[in-house]
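Below is one structure, written out as structure tokens; the observations come after it.
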Amino acid sequence: MALNVRDWAVKFGEATDRDPTIGAMARYYTCTFLWDMGTQKIIVEMVDGKTYRINTDPQPLDAYDFALKASPATWREFAKPIPDPMYHGIWSASFRRDLKIEGNILVMMQNLRNFTVQFELLRKVGVPV
Amino acid sequence: MAKHSPVIGRYVTINVDGYEYKVFYLRNGTGVPVMCQHTAGCHNHQWRGLLEDESITKDYDIIAYDLARHGKSDPPLNREWWKEEYTLTASHYMNFIIALSEALELDRPIFMGSSFGGNVALQLALHHPDKFRAVIPVEAAEHAPGFYLDWWRHPHANAAQVCASGVWDLMAPQSPDMDRWLTWHYYSQGSEVFKGDLYFYSIDHDLRGKLENIDTKRCPVIMMTGTYDYLTPPEATENTARQIPGGIYIEMEDIGHFPMSENYPLFAVYLKEALRIIDERT
């Protein structure tokens, strides 16, 4: 059963802020991204390596830098402790599955190290879909 | 008592198409020579596990070199290389490998490379089958489009981190953290050449329609790909091997695009099988 999105947001924010790999190079990790899971959308706002805000009910004009969009089934695959091949990262899933990366990709590239580590926290926290 | 590795590093200067390269290589072992090519934008430390694997070095002379512009092999010493955009071609790449083999006086070595090293292994089997005992293309395919990207050296991003984290999920999540982060570390060191390497990988390398001309009686081809490789997924390698008369495909479970670097103990299981097949056929 999927986590309640508000509970998920608390767990994900705590997991991010406690993560030592992000913490080791967190100082300038600042960006805002949308995760579109089909039945649930989330906007995460990172400031200087810490979770500033997680918006669990984004409205049409709420701003973000870049977005990851995929089906709920794909997000559930991302959240397995050991994902199956091609669901094991944003590059693999965008090359071989239904993940779309949209928006200002330059901002994603500027923050790629920490964003990649943070994305993989889904394997510990799960997803709300 | 200091712990010394049996691996020795040396430089040799070669000329390739008029380019003077001082090439660094690591070497250990006795027996059949095996030339090992690292992946694009990387260097020969990817082969650290193999270089110190006594169960293989007792029968094989392992030579892992840095391609020019990578690791400790400098760009050409007789050209103002900083005034030209680097784009590696299949022809120059093959000529480099052959010149290095001749400089080291290797007797028909086995050639093994991963990713863009695997793709050049296919090129060598097609164009120079009599110079090599066999080839082991790892994570290779007849054609590998889609990775010649401007992001690898975009001036508005941290190119070292983009390259290192951009290849992160080419590795399997099961591979040990230490080895994945070492591979990440290597990839943070080669961002200025990564895109130029990928010109060969994704643009100049295209053997579609030519694989049937590879003569595996003269040069056996043993292809190996990991199940977590999204660039050349298993089906791409299998489809390539199937078009090569006598070509062999070995699928590697639970490993990715940098098998020798991300999880050497698992890679060694498959490598020994490839070497056994080559030993039978040569």
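Here is the naming used below: chain letters follow the sequence lines, and residue numbers restart at 1 for every chain.
In the displayed structure, B/R276 atom CZ is contacted under 6.0 Å by more than 12 heavy atoms of other residues, nucleotides or ligands. Few gaps surround NZ on B/K272; more than 12 heavy atoms of other groups in view lie less than 6.0 Å from it. For CG of B/D150, the number of neighbouring non-hydrogen atoms (other residues, nucleotides, ligands) closer than 6.0 Å is 12 at most.
Taking the side chain as every heavy atom from C-beta outward, A/I82 and B/Q174 approach each other to under 4.5 Å. You'll find the side chain of B/Y230 stays beyond 4.5 Å of the side chain of A/Y87, heavy atoms only. Between B/H154 and A/M109, the closest side-chain pair of non-hydrogen atoms is not below 4.5 Å. Within the 4.5 Å cutoff, no side-chain heavy atoms of B/L231 are placed close to those of A/W91. Contact check for B/Q161 versus A/M25: side-chain heavy atoms found under the 4.5 Å cut-off. Residues B/W168 and A/L112 have side chains not in contact (no heavy-atom distance under 4.5 Å, counting atoms from C-beta outward). Residues B/P173 and A/E120 have side chains not in contact (no heavy-atom distance under 4.5 Å, counting atoms from C-beta outward).
Residue contact with chain A, scored on non-hydrogen atoms closer than 4.5 Å, involves the backbone of B/D229 exclusively. With a threshold of 4.5 angstrom between heavy atoms, A/P83 approaches chain B through its backbone and through its side chain. With a 4.5 angstrom heavy-atom cutoff, A/R96 touches chain B only via side-chain atoms.
Contact count versus chain A (heavy atoms, under 4.5 Å) is highest, among B/A157, B/G226, B/G146, for B/A157. The candidate with the highest count of non-hydrogen atom pairs below 4.5 Å against chain B, out of A/V107, A/I90, A/T21, is A/I90.
Between the B/D169 side chain and the A/S92 main chain, a donor and an acceptor come within less than 3.5 Å of each other. Remark: the backbone N or O of B/N158 is not paired with any side-chain donor or acceptor of A/Q110 at under 3.5 angstrom. The backbone N or O of B/Y228 lies less than 3.5 Å from a partner atom in the side chain of A/H88, making a donor-acceptor pair.
Taking every heavy atom of both residues into account, A/I105 and B/W151 meet most closely at CG2-CZ2, 3.7 Å.
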